[in-house]
Each structure stands twice: as C-alpha cells, then as structure tokens.
A.B. asks: 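Supplied in structure tokens, the structure appears directly below.
What you see is a predicted model; the values in this text were computed from it and never measured. Each ligand, and each atom within it, is numbered from 1 in the order the structure gives.
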Amino acid sequence: MQVTEVNTKQATQQAWNKRPLIISGPCSAETEEQVLETAVRLHETGKVDMLRAGIWKPRTRPGSFEGIGTKGLPWLQKAKQITGLPVMVEVATGKQVEDALHFEVDVLWIGARTTVNPFSVQDVADALRGADIPVLVKNPINPDLELWTGAVERVAKAGIKQLGLIHRGFSSYGNTEYRNAPMWHLAIEMKRRNPELMMINDPSHICGRRDILLDVAQKAIDLDYDGLMIESHIDPDNAWSDAKQQVTPERLAEMLNSIRWRKEDVASEEFHAAMEKMRQQINHLDDELMQILSQRMKVAEQIGQYKKDNNITILQTNRWNSILERATAKGEKLGLSKEFITKYFDAVHMESINHQNKIMND
Ligand code: PEP
Ligand code: MN
C-alpha cells in the first residue's frame, strides 16, 4: 500500500465514525473544474467529511443528463488528492462497482431506484465480494422496508462489513410539499430494527427544493440521525441535474451553522432528551396524519363533484355503515378502541360531508 492509500483509508474510517457525519457534493459530476472547485470550496467550510458526486445517473425520464460516466472518476481522485476528503459515488451495476474500485473511490452508495430491484442489487453485491469498502444503501423509492432490508442483506452477504442507511424519502403520486415524502416513521422503524447501522438523512432528495432543506435537516438531527447528505453545487441554478434542490458550498455551511445540534446525553438530561425525542416523533406523525386527512378530503371533494354531476344525495347510509364496520374491525386489530374509532370516523365523516356540501352548492 502506498502512503497516500493508507492515509485515505484512515481518513475514510475517521469520517465514517464521526458524528454527525456530513456528506456533500454535487448531484452529478459535470466537468473537472466543477468537481474540483466544489471540493475545494466545501473543504474550505471545514464542515464536510465526505465528497459525493453522481457519475452514473439513473434518471426517471430519458433525455435528462445521465451522468458523465467513468471519465469523471479521475476528477474525484484529483479532488481527493487536493482536499483529503474521501469520495463517494452511486453504483447501480457490477461494472460500475469495478470502475469505482479501480479508481479508488472510498465509499459507495446504492441509489433508491436500484434498491427496489433485487437483480440489480445482487449484481452490485457480487461485484463487491472481497472488497473492503463502506457501502450506504438508500431507501427504495416505494415505502417498503422489506426491500430496503433485502438490499442491505445482499450487500452484507457479499462480505461488506461497514454498512449504513440513507433515508431519502418515498415517492408518492400527486403533489405534496415534498419531492419524496419523508414518512419519518418508516425510517425510524428501520433504525429500530437495525440499531447497528448508521442512518443518514438526505434532505435534498426529500425536499426537491432549497427552501425547506434546513427544516428537514433539523428534523433529522432532532430524530438522532447519524448524519446528513446534502447536495451542493458551485452554480446551483445551472446544475445539469437536480438544480432546484442544490445549494452553494457557502450556503451549506450557513445551514449547518444554524442547525441546533443535539446535546451530548448527560445523566441528568437523559429523561428530558428522551421525552423530547418522543414528542418530536408524535409531532411528525401528527403532521403526516394531517397531510393524509387533507388528501382524503380532496378525494371527498371529487366524489362530491361526481355526485353533483349525477344529481344524487351526499349521504348514502349503506356506504357509511360499511366504512364504519370496516374501520372498527381493522382498528381493533391495531389496538384502537371501538369507541375511539367511532368518534374519530364521525369527525372525519362530518368534515367530509362539509367539503362535499361546499362543492355541491357552489
Ligand atoms: C442522488 O443521490 O443524486 C440520487 C440519484 O438519489 P436517489 O437515489 O435518492 O434518487
Ligand atoms: Mn440528485
């Protein structure tokens, strides 16, 4: 091993064990100059532990920038030589793993569109066999903890010892304030099931926009995540991918400065810290419940319109009875009392009728 190689391994280990671990860099490597300037400016903030850059970009629609490919890997090597920052890229195929290992990438991650596909994950895992490199696994695009777990298991079975998770949110149909709904409770459950794996939050892909990045990052820190991965670009508006969600390295530093980092647990504060965490979880779940309720009311409005067009009554007793029956049976299985379910559905029903009423009498 060369001296630089040993140093890089040490730097990677140091970063991997640091809390909070801060990862940043462009969504995509675009040009050598862009990669190097981003790396230098991130390094100058003194707040970033690893440099990320997408080299191969799985894009939802064809025609978007699909990544610079292998020729970008030497740019990352150079960025590492200049700044000392360990570098990480996304891999989606065995060939990409081979190329990344060949160009001494320090950490790999598996993207959300790959985690959903066991064939792809297995291909990546097979290429990883025998390699000594940390790997982070993003959640799948759909809210399925089994797929996420399966991907982690495939990589672990290939002999990878240093494994972690990245929570980047889940895609949902229709407009919400997020590009990918965080569904915090799923990440929390994943963490509960795998306490030994580090959990990184990716506010960039959750938000899809700059203005709420800090809010999501703060939530993640409040929920005791191990670190953050936030995309940064020297000229965010003109980024070749994910322009709306990237921030300059300097803005990133400002954001990191304004986050309220959780205090070290000291014995006397343990109780309060635990309470605060549970209350935060309650708040997040309540926020999600309200989002879902609002979606439900929108559907009720569509139904209202449909009934109006067909000139039928709002209240249809049979339908309501069947909703209640279904809900109380389901609620009981979930540990919710019949009394609560009845009260809750009465309130939801009233609100729904009000929404429909408004539509019908508009
Ligand atoms: C990315 O990190 O740039 C990326 C493509 O993310 P995801 O897999 O979460 O969509
Ligand atoms: Mn991106």
A.B. asks: Do Asp235 and Asn238 have side-chain N/O donor and acceptor atoms under 3.5 Å apart?
C.D. replies: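 Looking only at side-chain atoms, Asn238 and Asp235 do form a donor-acceptor pair, the distance falling under 3.5 Å.
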
A.B. asks: Give a yes or no on this: more than 12 heavy atoms of other residues, nucleotides or ligands lie within 6.0 Å of atom NZ of Lys18.
C.D. replies: yes

A.B. asks: Got the residues with a heavy atom under 4.0 Å of ligand 1, by chain and number?
C.D. replies: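 Lining ligand 1 at under 4.0 Å, by heavy atoms, one finds Cys27, Arg52, Lys57, Glu90, Trp109, Gly111, Ala112, Arg113, Lys138, Arg168, His205, Glu231.
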
A.B. asks: Are Lys338 and Glu332 within salt-bridge range, i.e. N to O under 4.0 Å?
C.D. replies: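 No salt bridge links Lys338 with Glu332.
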
A.B. asks: Just to verify, which of Asp106, Asp132, Ile133 counts as forming a side chain to side chain contact (heavy atoms under 4.5 Å, CB included) with Lys9?
C.D. replies: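 That would be Asp132; it is the only one of Asp106, Asp132, Ile133 passing the side chain to side chain contact (heavy atoms under 4.5 Å, CB included) with Lys9.
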
A.B. asks: Can you name the residues that form a ring-ring contact (aromatic ring centres under 6.0 Å, His included) with Phe340, not counting sequence neighbours?
C.D. replies: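 In terms of ring-ring contact (aromatic ring centres under 6.0 Å, His included), with neighbours along the sequence ignored, Phe340 is linked to Tyr344.
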
A.B. asks: In terms of side-chain geometry, is the basic nitrogen of Asp222 or Lys277 positioned less than 4.0 Å from the acidic oxygen of its partner?
C.D. replies: no

A.B. asks: Classify the ring geometry between Trp184 and Tyr225 as parallel (under 30°), tilted (30 to 60°) or perpendicular (over 60°).
C.D. replies: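 Trp184 vs Tyr225 ring planes: perpendicular.
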
A.B. asks: Could you count the protein N, O or S atoms found under 2.8 Å away from the Mn ion (ligand 2)?
C.D. replies: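 Count of protein N, O, S atoms less than 2.8 Å from the Mn ion (ligand 2): 4.
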
A.B. asks: May I ask you to decide whether Glu301 forms a salt bridge with Lys358, counting only side-chain N to carboxylate O separations under 4.0 Å?
C.D. replies: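 Looking at Lys358 together with Glu301, the answer is no, because their closest N to O distance does not fall below 4.0 Å.
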
A.B. asks: List, by chain and then residue number, the residues other than Trp109 in its hydrophobic cluster (Ile/Leu/Val/Met/Phe/Trp/Tyr, side-chain heavy atoms under 4.5 Å); write none if there are no others.
C.D. replies: Trp16, Leu21, Ile23, Met50, Met88, Val107, Leu136, Ile166, Met198, Ile200, Met229

